[in-house]
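Let me begin by presenting the structure, written as structure tokens, before commenting on it.
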Amino acid sequence: MARKAAGKPPEEILLDWKREQASLKARVVDRDTEAWQRDPAFSGLQRVGGVDVSFVKDDSGSACASLVVLSYPELEVLYEDCRMVTLTAPYVSGFLAFRELPFLVDAVQQLRQREPRLMPQVLFVDGNGVLHHRGFGVACHLGVLTDLPCIGVAKKLLQVDGLENNALHKEKIQLLKAGGDSFPLMGGSGTVLGRALRSHDHSTKPLYVSVGHKISLEAAVRLTHSCCKFRIPEPVRQADIRSRDYIRRTQEVQGVPAPPSGRSKEAQRPKACPQGVSEEPAENQNSEEQRPETRML
């Protein structure tokens, strides 16, 4: 039977979450802190990580949390950790971290204990950083809690501080002619919250890159572009592919029919688990009793 995450939390819980975000926001560092970040070729960067939480269709309470580490600049997978988890917090816009982050932080901590030599030097997050209603998105939250440089990479524009996906915004997108082209996302307050990036020559839809923690926006955009074999940065793409594959294999063991191909991330941020591999991350689910699968590749 599908396990549904609890409904919208009481107002006092939301207030607690807001207070926690405000408290942790003060610890966000939005500048380069590592020597490799200031090098045009990112010399010294050897490992990049990506995280993903994927859900099974029709079961918003079960998920697969995934952490992968890739070599840089080769972008070959060195490590993966996929585990089935049960979520108890619902999806509430602006509070994604409280639903997904405990499992991702735990995966990072497990890697730090088991294989410290494989710790990523930067993490890519499928979501926003300072481009957020309260300036503290999931990429900021993960960065502060793990003390790792983090980059938020979203596929859709979060319309905050006057930013809109309007005709002017679409005109600017049309001016992005080649992979690496970008333009600033300046809110009504005059603050640059991120950049819209054409991540690949063959991709017409931009990515929205924002600072998570311990990296500048300029370095975050350059590194995102350099990690894109397709539209989505390879660390996030591999985390998604492997989490969905882990769900499929888990369902096969349990005798559960594979769901039809499809995607859905917006409503609950669940991922409907399509079969096969696609260029962009999709959506999925699972169960906590499953033993995590960890591979050093």
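Since the structure is predicted, the reported quantities are computational estimates derived from the model, not experimental observations. In what follows, residues are counted from 1 in the order of the sequence shown.
- In plain terms, the two heavy atoms of Thr224 and Pro233 that are nearest each other are CG2-CG, 3.8 Å.
- A donor-acceptor contact shorter than 3.5 Å links the side chain of Gln21 to the backbone of Gly94.
- Two residues are said to be in side-chain contact when any heavy atoms from C-beta on lie closer than 4.5 Å; Leu70 and Pro120 fail this criterion.
- When hydrophobic side chains of Ile, Leu, Val, Met, Phe, Trp and Tyr are connected at separations under 4.5 Å, Val29 ends up as a singleton with no cluster partners.
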Full working for side chain to side chain contact (heavy atoms under 4.5 Å, CB included) between Arg47 and Val122: CA-CA 7 Å; Arg47 297 173 306 281; Val122 61; over 6 Å; no

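- Two residues are said to be in side-chain contact when any heavy atoms from C-beta on lie closer than 4.5 Å; Val236 and Val125 fail this criterion.
- Arg198 places a side-chain N or O within 3.5 Å of a backbone atom of Asp201 that can act as its donor or acceptor partner.
- Within the 4.5 Å cutoff, the side chain of Phe230 has no heavy atoms near those of the His202 side chain.
- Judged purely by distance below 3.5 Å, without hydrogens or angles, the side chains of Asp52 and Ser243 pair a donor atom with an acceptor atom.
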Which is it for Val48 and Gln121 under the side chain to side chain contact (heavy atoms under 4.5 Å, CB included) test, yes or no, and what are the steps along the way? CA-CA 6 Å; Val48 294; Gln121 295 162 276; over 6 Å; no

Before giving the answer on side chain to side chain contact (heavy atoms under 4.5 Å, CB included), spell out for Leu67 and Glu80 the whole-Å C-alpha distance, their side-chain angles and the decisive distance to 0.1 Å. CA-CA 6 Å; Leu67 165 67; Glu80 68 174 272; over 6 Å; no

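- Hydrophobic cluster of Leu14: the remaining members, joined at side-chain heavy-atom separations below 4.5 Å, are Ile13, Trp17, Val92, Phe95, Phe98, listed by chain and number.
- Tracing side-chain contacts under 4.5 Å through hydrophobic residues (I, L, V, M, F, W, Y), one never reaches Leu158 starting from Leu207; they form parts of separate clusters.
- Here the side chain of His213 pairs no donor or acceptor atom with the backbone of Asp147 at under 3.5 angstrom.
- Formation of a donor-acceptor pair under 3.5 Å by the Gln37 side chain with backbone atoms of Thr33 is found in this model.
- Looking at Ser71 and Glu74, their side chains do bring a donor and an acceptor atom within 3.5 Å of each other.
- Between the CD1 atom in Ile173 and the CG atom in Leu157 there is a gap of 8.0 Å [rounded to 0.5 Å].
- Salt-bridge check for Arg249 with Glu252: failed, with every basic side-chain N at 4.0 Å or more from each acidic carboxylate O.
- Going from atom CZ of Arg195 over to atom OG of Ser210 covers 13.0 Å, rounded to the nearest 0.5 Å.
- In this structure the side chain of Arg134 reaches within 4.5 angstrom of the side chain of Lys18, judged on heavy atoms.
- Under the 3.5 Å distance criterion, the side-chain polar atoms of Thr191 are left unmatched by any main-chain donor or acceptor of Gly187.
- No side-chain heavy atom of Val69 sits less than 4.5 Å from a side-chain heavy atom of Glu115.
- Not one N or O on the side chain of Ser203 forms a donor-acceptor pair closer than 3.5 Å with the backbone of Ser199.
- For the residue pair Lys214 and Leu148, the shortest heavy atom distance occurs at CD-C, 4.4 Å.
- For Tyr72 against Cys227, the heavy-atom pair with the smallest separation is CE1-SG, 3.9 Å.
- Remark: the backbone N or O of Glu20 is not paired with any side-chain donor or acceptor of Ser23 at under 3.5 angstrom.
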For Arg222 and Phe42, what are the C-alpha separation, side-chain angles and deciding distance, and is it a side chain to side chain contact (heavy atoms under 4.5 Å, CB included)? CA-CA 9 Å; Arg222 286 195 299 113; Phe42 296 120; 3.4 Å; yes

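- With hydrophobic clusters built from ILVMFWY side chains whose heavy atoms lie under 4.5 angstrom apart, Ile232 shares a cluster with Phe124.
- Residues Pro149 and Leu123 form no side-chain contact, since every pair of their non-hydrogen atoms from C-beta on lies 4.5 Å or further apart.
- A heavy-atom distance below 4.5 Å is found between the side chains of Gln110 and Arg83.
- Between Asp245 and Arg248, at least one side-chain N (NZ, or NE/NH1/NH2) sits under 4.0 Å from a carboxylate O, which counts as a salt bridge.
- Counting only N and O atoms by type, the side chains of Ser54 and Tyr246 include no donor and acceptor under 3.5 Å apart.
- Atom NZ of Lys205 is separated from atom NZ of Lys156 by 8.0 Å, given to the nearest 0.5 angstrom.
- Annotation: side chain of Arg242 is in contact with side chain of Val68 (closest heavy-atom distance under 4.5 Å).
- Under the 4.5 Å side-chain contact rule for hydrophobic residues, Leu118 and Val51 share a cluster.
- Here the closest non-hydrogen pair linking Leu87 and Ala63 is CD1-CB, 3.2 Å.
- The pair Arg237-Asp240 does not count as a salt bridge, with every side-chain nitrogen at least 4.0 angstrom from each carboxylate oxygen.
- Here the closest non-hydrogen pair linking Ala239 and Ser66 is O-OG, 3.2 Å.
- Annotation: the span from Asn165 atom CG to Gln159 atom CD amounts to 5.5 Å, rounded to 0.5 Å.
- A side-chain donor-acceptor contact under 3.5 Å links Arg231 to the backbone of Pro206.
- Taking the six-membered ring where tryptophan is involved, the planes of His141 and Phe136 are tilted, since the angle between them lies from 30° to 60°.
- Residues Val53 and Tyr79 share a single hydrophobic cluster, defined by chaining ILVMFWY side chains whose heavy atoms lie under 4.5 Å apart.
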Donor-acceptor contacts, no H, no angles, side chain residues 174-181, under 3.5 Å, sequence neighbours left out:
from	atom 1	to	atom 2	distance (Å)
Lys177	NZ	Gln174	O	3.1
Asp181	OD2	Lys177	N	3.0
Asp181	OD2	Ala178	N	2.9

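- Contact between Ser189 and Asp161 at its shortest, heavy atoms only, is OG-OD2, 2.7 Å.
- When ring centroids are compared, Tyr208 and His169 come within the 6.0 Å threshold.
- Distance check, rounded to the nearest 0.5 Å: CG of Asp39 to CG of Asp32 gives 11.0 Å.
- If you take NZ on Lys172 and CG on Asn166, they are separated by 8.5 Å, rounding to the nearest 0.5 Å.
- Leu185 and Leu217 fall into different hydrophobic clusters, defined by Ile, Leu, Val, Met, Phe, Trp and Tyr side-chain heavy atoms under 4.5 Å apart, directly or through other members.
- Annotation: Arg31, atom CZ; neighbour count of heavy atoms from other residues, nucleotides and ligands within 6.0 Å does not exceed 12.
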